[in-house]
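Convention: sequence-line order gives letters A, B, ...; per-chain numbering from 1.
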Amino acid sequence: MTELMPAEGVFSLIWLLIALPLAGATVLLVGGRRTNAWGPYLAILTVATSAVLGIAMLVSMMGHSAEERSIGQTLYSWVFVGGFQADMAFQLDQLSIVFVLLITIVGTLIHVYSLGYMAHDANKRKFFGYLNLFVAAMLLLVLANNYLLMYVGWEGVGLASYLLIGFWLHKPSAAAAAKKAFVINRIGDVGLGLAIMLMFATFGSVTFGPVFGAAGEASEGTLTAIGLLLLLAACGKSAQFPLQAWLLDAMEGPTPVSALIHAATMVTAGVYLIVRSNVIFTAAEWAAVAVIIIGLITMWMGAVIGSAKDDVKKALAGSTMSQIGYMVTAAGLGPIGYVFAIFHLLTHGVFKAGLFLGAGSVMHGMNDNVNMRRFGALRTVMAITAGTFIVCYLTIIGIPPLSAFFSKDDIIHASFERSPVIGILAMLAAGLTGFYMTRLVAMTFFGKARWEDDAHPHESPKVMTIPLVILAIGAAFLGMSLVYWGNIETWLEPVTGLQEVPLPLPSWVYETVTLALVLIGAAIAWTMYARREVPVEAPHGSWLTRAARNELYGNEVNDALVVRPVYHSSRWLVWFDNKGVDGIVNGSAAFVGGLSGRLRRYQTGFARSYALSMVGGAVLVVLALFLVRVS
Amino acid sequence: MNPSSYIVLSAILFSIGAIGVLVRRNAIIVFMSVELMLNAANLAFVAFARMNGNLDGQVVAFFVMVVAAAEVVVGLAIIVTIFRTRRSASIDEPNLLKY
């Protein structure tokens with residue numbers, strides 16, 4: 001663990017990265033309707049300024065040597081109780097800076113896009129306030145130098161996610177989805193809370209430096225427990241199996257929210273958590289294996305769900321789950337995978353934001369319809385949206401030399417370095433990615449028009465298409481520039497470590513096989529959904545299709561395993577409370593009441609009867625005294 | 001000195017007083033019976049004081065007399081007031097203070 005350097009020069013403004021969007025959120029949410037006119041522009045300005053600051057910091061950081069790139073800034077002592085100390089302190093290192101840039105730059109583009117997307121919404125100002133709140137919380141999450149402060153950011157993004165999923169709260173489905181996301185996230189948050197407590201109990205600190213420094217001394221059992229609790233937290237936030245059910249419902253929120261929170265940044269917080277805690281996972285082997293298993297399961301679940309959904313946003317959400325499954329798998333591989341998890345996270349953040357915003361642009365032109373069976377042939381009417389979407393599509397399926405070709409292949413390589421089973425599963429999932437993404441693109445932009453009668457699709461305004469173009473360019477070239485120019489592996493190595501294991505076959509073999517699988521998947525999808533007629537009503541489908549449409553029965557499983565048992569036991573508890581506990585309390589009260597009703601009959605009002613009882617009592621006392629004396 | 005005859009007399013007086021309180025209805029008679037019981041107790045106190053040769057019992061007897069005098073003042077005042085309102089000195093009639 002390298003020592004943190006003091007924050008000097010541009011780094012003395014680390015706090016401002018968070019403070020700017022936070023101030024924007026405060027002004028917009030507290031200022032109320034007075035800020036309606038200029039509020040959204042202020043929101044964009046704060047995030048854009050943070051982005052500029054972030055870029056300046058990256059440039060300044062690149063001027064330092066690798067050992068001097070971890071910068072710490074302590075604002076004040078936040079919690080100081082006995083032996084427990086947590087400061088309001090930030091750590092900006094090679095890992096956090098890439099997150100800062102992802103959050104602020106993609107965040108800025110999505111803010112600008114929202115200007116067009118939410119133009120006619122009465123609550124536009126509130127929307128931008130929440131978005132700013134989200135950006136501030138997310139930056140706090142990645143910049144905190146201790147787990148407690150990170151927890152604040154962690155809860156903050158959860159809150160912002162809740163508020164934004166339920167933004168159209170007049171729709172019951174949106175309100176329910178927001179509640180569902182919040183409740184399922186709570187389960188993960190409990191994991192993080194317990195992990196923090198366990199860390200304090202074991203290491204006496206919750207600050208990154210001391211915890212990671214002392215991790216080697218703790219017993220493996222403790223480390224495994226901490227690792228599994230952190231994994232639970234990551235599962236909740238990143239929609240990994242078994243806490244995945246909320247993400248698909250979260251698509252009820254406005255599309256920019258889906259792009260920013262539920263694709264590019266917040267759902268990747270779990271991956272950040274695992275990679276940030278890499279010291280713990282490297283030491284706790286079984287926790288890392290659990291991470292791989294969860295990642296693989298989710299990778300496949302997401303891909304299968306994405307292959308069957310007709311709702312364009314839910315299909316993309318399935319894809320997000322699957323791609324985050326890739327990242328989590330990579331993060332579980334240990335030092336051979338951490339770097340690639342973050343690499344894929346960055347490229348995914350850009351191209352998935354582009355895909356979601358593209359889907360939003362399509363919905364914008366189609367009266368907010370999301371049913372892909374009612375799309376088709378849209379490339380003819382929305383050329384820019386279609387063009388950018390197809391660039392992002394080619395990126396996600398991993399066509400060389402676009403971004404995901406590098407990032408996903410790196411993960412597949414790393415998987416093979418660990419075990420051929422993981423590698424083959426990851427490789428086949430890449431083929432499935434080719435299938436579901438081609439299906440999505442074919443149903444939306446190609447084939448015959450199946451529009452509803454009142455739909456008049458049109459291209460979106462420039463304020464929406466320009467961010468799309470920027471994201472598409474980023475999606476295409478980010479991977480290449482990070483590999484050849486940015487050299488992401490050596491950049492992240494001081495934080496995450498890096499290890500390479502030689503493979504039995506040359507790397508081009510894996511790349512070719514993966515690409516072949518992707519093309520096969522894409523070809524199958526193309527024949528099924530572009531060459532053939534797509535029915536407007538969904539056909540009955542095979543059992544697998546039906547299961548995938550029902551999100552692989554994730555909700556039903558939750559219902560059967562958690563909701564119904566809890567419901568029934570609470571019903572039983574209510575019964576027990578009413579009859580049992582209340583019965584004892586009310587019964588004893590009734591008993592005392594009845595008894596006193598009888599006893600008060602002895603208050604006759606006749607003075608002489610009182611005197612008689614006094615005499616009787618005195619006689620009894622005297623008799624008792626005699627008895628005592630005798631015996 | 002053998003106090004037994006004094007104690008027996010005290011017990012007899014006390015019993016007469018107690019029975020008087022229990023069986024008589026006239027408040028004045030009941031009051032006198034109460035005085036009789038107090039004085040039976042006084043007799044016992046004085047007898048024991050004499051037997052033990054110290055003054056403790058006699059001191060208590062004086063206290064009892066003072067308290068009894070005060071009690072007579074209050075008690076008689078109450079009885080007279082009750083007699084004025086109800087034209088009767090029976091203690092069975094004022095029985096409003098009950099359940």
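Panel note: side chain B:Asn52, backbone B:Asn54; no donor-acceptor pair is recorded below 3.5 Å.
Among B:Ile91, B:Leu36, B:Val21, B:Ile79, the one residue that satisfies the side-chain contact (heavy atoms from CB on, under 4.5 Å) test with B:Phe31 is B:Ile79.
Environment of CZ in A:Phe182: crowded, with over 12 heavy atoms of neighbouring residues, nucleotides or ligands closer than 6.0 Å. No more than 12 heavy atoms of other residues, nucleotides or ligands lie within 6.0 Å of CZ in B:Phe14, so this atom counts as exposed by the packing criterion. Around CZ of A:Phe84, the count of heavy atoms belonging to other residues, nucleotides or ligands within 6.0 Å exceeds 12.
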Can you pull out the donor-acceptor contacts between chain B and chain A, under 3.5 Å, including backbone atoms?
unit_1: B:Leu22; atom_1: O; unit_2: A:Arg608; atom_2: NH1; d: 2.8
unit_1: B:Val23; atom_1: O; unit_2: A:Arg608; atom_2: NH1; d: 3.3
unit_1: B:Asp92; atom_1: OD1; unit_2: A:Arg608; atom_2: NE; d: 3.1
unit_1: B:Asp92; atom_1: OD2; unit_2: A:Arg608; atom_2: NH2; d: 2.7
unit_1: B:Tyr99; atom_1: N; unit_2: A:Gln603; atom_2: O; d: 3.2

Problem set entry | Evaluation steps, side chain to side chain contact (heavy atoms under 4.5 Å, CB included), between B:Val59 and B:Phe63 | CA-CA 6 Å; B:Val59 170; B:Phe63 270 107; 3.7 Å; yes

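At a 4.5 Å heavy-atom cutoff, the contact between B:Val23 and chain A is made by backbone atoms alone.
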